[in-house]
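Encoded as structure tokens, the structure appears first; notes follow it.
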There are 2 protein chains.
Amino acid sequence: MTDAPTKARKRDGSLPSALVDAGIELLRERGSGGLSLRECAAKANVSHAAPGYHFKNLKGLSTAIATRGFGHFVDAMEKRRKSATTNPKAQLEAICQGYLDFASDYPELFLFIFSGQQFNKDDEPFETVASKAYAILREACAPYVPTESRPEEIEILVWSLVHGFAHLSMTRKLDNPQLGRTWPDFDVVIGHLFKSITAAQE
Amino acid sequence: MTDAPTKARKRDGSLPSALVDAGIELLRERGSGGLSLRECAAKANVSHAAPGYHFKNLKGLSTAIATRGFGHFVDAMEKRRKSATTNPKAQLEAICQGYLDFASDYPELFLFIFSGQQFNKDDEPFETVASKAYAILREACAPYVPTESRPEEIEILVWSLVHGFAHLSMTRKLDNPQLGRTWPDFDVVIGHLFKSITAAQE
DNA sequence: CCACATAACTTGACACTGTCAAGATATGAT
DNA sequence: ATCATATCTTGACAGTGTCAAGTTATGTGG
């Protein structure tokens with residue numbers, strides 16, 4: 001479909017990326033459980049065992065897809081962060097908005113990444129991009145951690161709230177879409193959040 | 001294993017429940033993706049197509065498992081709620097603790113239920129127990145919604161926080177178990193939560 | 001007690017999946 | 001032009017979900 005006329009793919013190293021593309025397309029079409037090595041191969045116009053050569057097994061392809069997902073994740077957060085003023089509140093708000101941008105722009109990748117399934121934790125590109133995402137959030141939270149308090153407290157507070165909000169919005173809206181009308185904006189939720197952490201500061 | 005000697009199962013209507021047992025055991029052993037109709041059948045000492053007769057397809061069995069999961073979910077919350085004083089703060093705290101009890105007692109069911117996969121929304125037992133869970137949380141939040149404010153705001157705030165905390169605790173601790181040491185207790189997180197919602201009340 | 005209707009399974013088949021081994025083929029270096 | 005190697009293909013095997021058709025138990029009416 002993407003590669004209509006050419007019967008055999010040029011061996012230019014583009015296949016792994018094309019297979020990840022196909023996998024994401026598959027996730028979008030059939031949900032988190034609909035990933036298949038053979039269908040990815042078919043979408044990329046290669047034989048059914050070609051994905052196995054590059055990714056070893058399904059977990060390998062899943063890890064590559066998750067790596068792509070985390071890439072979009074950090075991009076979304078950094079894009080919002082760069083176009084915000086430098087004061088801590090604006091920065092943290094921007095990070096959270098980026099988080100939600102990612103969840104609504106790539107719902108299947110969001111669900112896939114946080115579905116609880118295990119990826120190859122020894123995969124180097126995956127580990128670096130994933131920890132980069134955590135680092136961004138941690139940095140934005142830093143100004144709000146009280147002196148002589150472990151930073152984890154605030155980080156988990158912020159992270160849990162935005163992640164829980166995104167995750168629940170997603171799953172509930174998938175269940176019954178007409179519920180989107182009564183669903184609160186994130187602004188009011190994050191309003192409460194700032195009341196909480198500034199109260200903790202004093 | 002559970003039914004060692006008897007070669008053929010008695011037709012007493014116990015098979016559906018036994019298959020759900022087997023499915024949960026399978027989820028515990030192999031994670032969210034390791035569910036299989038045929039293995040459930042083998043564990044219950046019936047033929048490979050027996051699950052299909054009761055649950056139609058894999059989605060049907062999954063829905064039955066999720067129904068069981070939501071049952072434990074509401075049990076955990078109500079158990080904590082009943083052994084708490086009747087003041088609103090203790091009640092809400094109890095609900096949240098029950099939420100986390102469920103997540104740590106049945107991690108595979110927690111992940112399975114909230115993995116984003118679709119269940120049979122027309123399944124009557126599933127729908128009733130699921131909405132009962134939501135009703136419990138909603139009731140506990142009711143005292144905290146400000147007058148002339150939509151209840152969803154506070155509900156989502158509380159729900160997102162406790163769900164996000166549980167979900168992140170789970171997935172991160174699955175990734176690297178030694179992280180459990182630095183992970184904050186829920187008490188301190190819920191402390192911030194109450195600062196937030198009582199600040200909203202005034 | 002016996003036929004019989006029906007619920008509860010079993011057997012068998014088909015298309016599909018992941019994964020491995022072995023063969024084919026293009027690409028770049030010598 | 002030869003050759004080594006990375007990249008892909010072909011073929012096979014075990015396992016999966018799902019359906020159709022056959023079998024067996026169970027309880028009900030005669």
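Just so you know, these numbers come straight off a predicted model, no measurement behind them. Proteins come first, then strands; the chains are lettered A, B, ... in the order of their sequence lines, and each starts at number 1.
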Rounding to a whole Å, what distance do you find between [X]:[atom1] and [N]:[atom2]?
| X | N | atom1 | atom2 | value |
| --- | --- | --- | --- | --- |
| A:Leu35 | C:dT17 | CG | P | 11 Å |
| B:Lys59 | D:dT18 | NZ | C1' | 15 Å |
| A:His54 | D:dA6 | NE2 | C1' | 9 Å |
| B:Glu39 | D:dA14 | CD | P | 16 Å |
| B:Phe55 | D:dC19 | CZ | C1' | 18 Å |
| B:Asn45 | C:dT10 | CG | P | 10 Å |
| B:Leu61 | D:dT16 | CG | P | 14 Å |
| B:Leu15 | D:dA25 | CG | P | 16 Å |

Residue mapping more 5' on DNA chain D - nearest nucleotide basis, B:Asn57 or A:Ser47: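 Looking at the nearest nucleotide for each, A:Ser47 comes out on the 5' side.
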Under-3.5 Å donor-acceptor pair between B:His48 side chain and C:dG12 base: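 Per atom types, the contact qualifies.
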Under-3.5 Å donor-acceptor pair between A:Arg38 side chain and C:dG18 base: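 When only heavy-atom distances are counted, A:Arg38 does reach the base of C:dG18 through a donor-acceptor pair under 3.5 Å.
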Parallel, tilted or perpendicular: rings of B:His163 and B:Phe110 (30°, 60°):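 If you compare the ring of B:Phe110 with that of B:His163, the planes turn out tilted.
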salt_bridge(B:Arg30, B:Glu39) N-O dist < 4.0 Å: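 The answer is yes: the pair qualifies as a salt bridge.
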Ring centres under 6.0 angstrom apart (A:Tyr134, A:Phe73):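 No: the rings miss the under 6.0 Å criterion.
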Proximal nucleotide (of C:dC9, C:dT19, D:dC19) relative to the A:Leu58 side chain: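 It is C:dT19.
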Given C:dA7, D:dT10, C:dT19, the nucleotide with the shortest approach to the side chain of B:Arg11: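 Selected nucleotide: C:dA7.
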Below 4.0 Å: OP1/OP2 of C:dC9 and any side-chain N or O of B:Tyr53: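 Checking B:Tyr53 against C:dC9: no side-chain N or O falls below 4.0 Å of OP1 or OP2.
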B:Ser36 side-chain N/O to D:dG17 phosphate OP1/OP2 under 4.0 Å: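 Yes, such a contact exists.
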Check against ring pair (Phe, Tyr, Trp, His ring centres under 6.0 Å), A:His72 and A:Phe102: CA-CA 7 Å; A:His72 287 147; A:Phe102 169 66; 7.3 Å; no
A:Phe112 vs A:Phe119, ring pair (Phe, Tyr, Trp, His ring centres under 6.0 Å): CA-CA, chis, key distance, verdict: CA-CA 11 Å; A:Phe112 187 71; A:Phe119 300 117; 5.7 Å; yes
